[in-house]
Protein chains: 2
Amino acid sequence: MFIQFGATGPKERLGWYQVEGGSMAQACTKQEGQACVVCHVGRRSDWHDLDPTASALLTSGRRRREYGSGEVVFAQGERNDGVHCVSGGTVGIRKLDGNGNSVLLELAYPGDTIGYRSFLTDSEHKTSAEALGPTVICHIDHSTIAALLAGNPALGLRFLKRSIGELEHAHDMMFRQATLSNRHKLVHLLLVLVGRHGRRNSNGSQSIDLPVSRRDLASMVGTRHETISRIIGRLETDGVAHFSGRQVTIPSVEALAAEIDCLIPA
Amino acid sequence: MFIQFGATGPKERLGWYQVEGGSMAQACTKQEGQACVVCHVGRRSDWHDLDPTASALLTSGRRRREYGSGEVVFAQGERNDGVHCVSGGTVGIRKLDGNGNSVLLELAYPGDTIGYRSFLTDSEHKTSAEALGPTVICHIDHSTIAALLAGNPALGLRFLKRSIGELEHAHDMMFRQATLSNRHKLVHLLLVLVGRHGRRNSNGSQSIDLPVSRRDLASMVGTRHETISRIIGRLETDGVAHFSGRQVTIPSVEALAAEIDCLIPA
DNA sequence: GAGCAAAATTGACGATCATCAACGACGGTC
DNA sequence: GACCGTCGTTGATGATCGTCAATTTTGCTC
């Protein structure tokens, strides 16, 4: 019924995940029965200052799991079975249709809660979530999250703010889709990815290990993968970015940003 | 600083607003000091089952106002000063940049609450709201809505569900932007507008009075207004829709829907 | 109704894109 | 190592789009 993109089965060579430059990802010292540190510190998580009883409830109702590249966390159309909290790695939120179309709508990072929308509306998942590379994700089952929400109004408020943040992100995306050229949309996307996945090189340039395929890149820009290939080619000849597989090197992020800054001063 | 689109100054010839076919809009018998019926009935509003004290608080902190076509309800960049609830008419939610670009992101109808995002995040408005045609809107000031939220957790939950609904709407939009052609995007938009603004004619065809200009239509589709003009021309020659100013007549809505149904069976 | 500004249409042209097809590269399986 | 499916790239071609410009239409003010 639903297509699994890039799903190549579990790779059990985990127990670690890459800490990317600029990312907040941290190794999580797994100790069953104790609260996972990553899920609480840094106020990057929605669960960081629960009262002791709620915290205990969370600890008992939470299951930590590692996902291999391409593994599906939850699939579009499935009934909701609780929420997930990204602890490490990168997760892609994807929407599919019955014609084989696939659009990567957003990326989720450590601290982000996913699957909360279908939980709160008590409905099936409207999107799929899939690990982009080795990923660690906590699952909080349906009854636990329900109990937590009932006893902690602040948690609901945090979901509300998360939802609003995602909505404003979606509005920005819609605005760019309507006003920018495909090239500028790709440049913008690269700049966002540099912020999340970029590492600084000794010569001042910055490099990214893209978490997504060219096809997904194309879906995020709103065009076909062949077109993305050609735009990448133009970026190469213009010398503003160098692509080698999923590795991208940007000689001057400022020069790349200037390309869209002249159009979007705000 | 911010451009007012279509703003031609207030038209004081109000006191009524058009009841469009298929729309839920109803005339609101204005009586100061009493609860506005439209804001409570039909569970289309976020305020429909407050307790008596909250209801009294709402009544005293609410101000009803009529807006003329093009009038701005709140402007992008302004500080939030409470929330608005659409009572009658149609409101456009718009995003602008400093280059004169304008994108109509969504339409708000009677029962919809707008401006709640910047209230809940205590920030400036990220979008503008503008009356598309004669409109009636209630304004609930900052302190009133704060008091209501503090005493009615259910109200916050309703905002949460509203936000989630808008987010899923935005995701659908993003998906269509990435997968549909401009023609199909316009067809889809027409079908949505038929559902909201359409009226059935005696011969089985349906007509719409478009609430938006061609430029706004173009921004919603993600293209230029000249292109929209040409696509409309093609729809005319294909006989699937007839345009005369802002009035559109669709001989067979089913035939129009079939154009995208064959591509989006889901 | 005259006048005006914005909206809408139409034409022409170059740029960009979608599609189909062919091919090499890569990763995983057996 | 052979096989296979997917991904990525490149080419060719027709369709579509963006831009500039000219013109008409519309809606509003006076």
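Just so it is clear: chains get the letters A, B, ... in the order the sequence lines come, proteins before strands, and each one is counted from 1.
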Main-chain N/O of B/Gly68 paired with B/Glu71 side-chain donor or acceptor, under 3.5 Å: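 Answer holds: yes.
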Just the atom pairs and distances: protein N or O near nucleotides 3-6 of chain D's N or O, under 3.5 Å.
none

Rounded interatomic separation in angstrom, taking [atom1] from [X] and [atom2] from [N]:
{"X": "A/Leu186", "N": "D/dG8", "atom1": "CG", "atom2": "C1'", "answer": "15 Å"}
{"X": "A/Leu217", "N": "D/dC7", "atom1": "CG", "atom2": "P", "answer": "14 Å"}
{"X": "B/Leu132", "N": "D/dG27", "atom1": "CG", "atom2": "P", "answer": "16 Å"}
{"X": "B/Asp216", "N": "C/dA7", "atom1": "CG", "atom2": "C1'", "answer": "11 Å"}
{"X": "A/Gln177", "N": "C/dC17", "atom1": "CD", "atom2": "C1'", "answer": "15 Å"}
{"X": "A/Phe243", "N": "D/dC7", "atom1": "CZ", "atom2": "C1'", "answer": "16 Å"}
{"X": "A/His225", "N": "C/dC23", "atom1": "NE2", "atom2": "C1'", "answer": "14 Å"}
{"X": "B/Ile228", "N": "C/dT9", "atom1": "CD1", "atom2": "P", "answer": "10 Å"}

Please identify each residue that fulfils side-chain hydrogen bond (donor to acceptor under 3.5 Å, both in side chains) with [X], with sequence neighbours left out.
{"X": "B/Gln206", "answer": "none"}
{"X": "B/Arg215", "answer": "B/His225"}
{"X": "A/Ser229", "answer": "none"}
{"X": "A/Ser118", "answer": "A/Asn80, A/His125"}

OG on B/Ser87 to CD on B/Glu66, rounded to 0.5 Å: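 The distance works out to 9.5 Å.
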All salt bridge (charged side-chain N to carboxylate O under 4.0 Å, His left out) counterparts of A/Glu168, not counting sequence neighbours: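 A/Glu168 satisfies salt bridge (charged side-chain N to carboxylate O under 4.0 Å, His left out) with B/Arg117 once adjacent residues are dropped.
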Distance-only donor-acceptor hits, side chain of residues 238-245 of chain A, under 3.5 Å, sequence neighbours excluded:
residue, atom, partner, partner atom, Å
A/Asp238, OD2, A/Arg183, NH1, 2.8
A/Asp238, OD2, A/Arg183, NH2, 2.8
A/His242, ND1, A/Glu236, OE1, 3.3

Base versus backbone protein contacts along nucleotides 15-26 of chain D [heavy-atom cut-off under 4.0 Å; B, S, -]: --SSBB------
B/Ala129: partners by side chain to side chain contact (heavy atoms under 4.5 Å, CB included), with sequence neighbours left out: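 B/Ala129 satisfies side chain to side chain contact (heavy atoms under 4.5 Å, CB included) with B/Val73, B/Phe74, B/Val91, B/Ile93, B/Ile114 only.
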Set of side chain to side chain contact (heavy atoms under 4.5 Å, CB included) partners for B/Ala170, sequence neighbours left out: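 B/Ala170: side chain to side chain contact (heavy atoms under 4.5 Å, CB included) contacts with A/Leu167, A/Ala170, A/Met174.
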Angle by which the axis turns from one end of the helix from C/dG1-D/dC30 to C/dC30-D/dG1 to the other, five pairs per end, to 10 degrees: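 Roughly 50°, once rounded to the nearest ten degrees.
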Any residue meeting ring pair (Phe, Tyr, Trp, His ring centres under 6.0 Å) with B/His171, in chain and number order, not counting sequence neighbours: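 In terms of ring pair (Phe, Tyr, Trp, His ring centres under 6.0 Å), with neighbours along the sequence ignored, B/His171 is linked to no residue.
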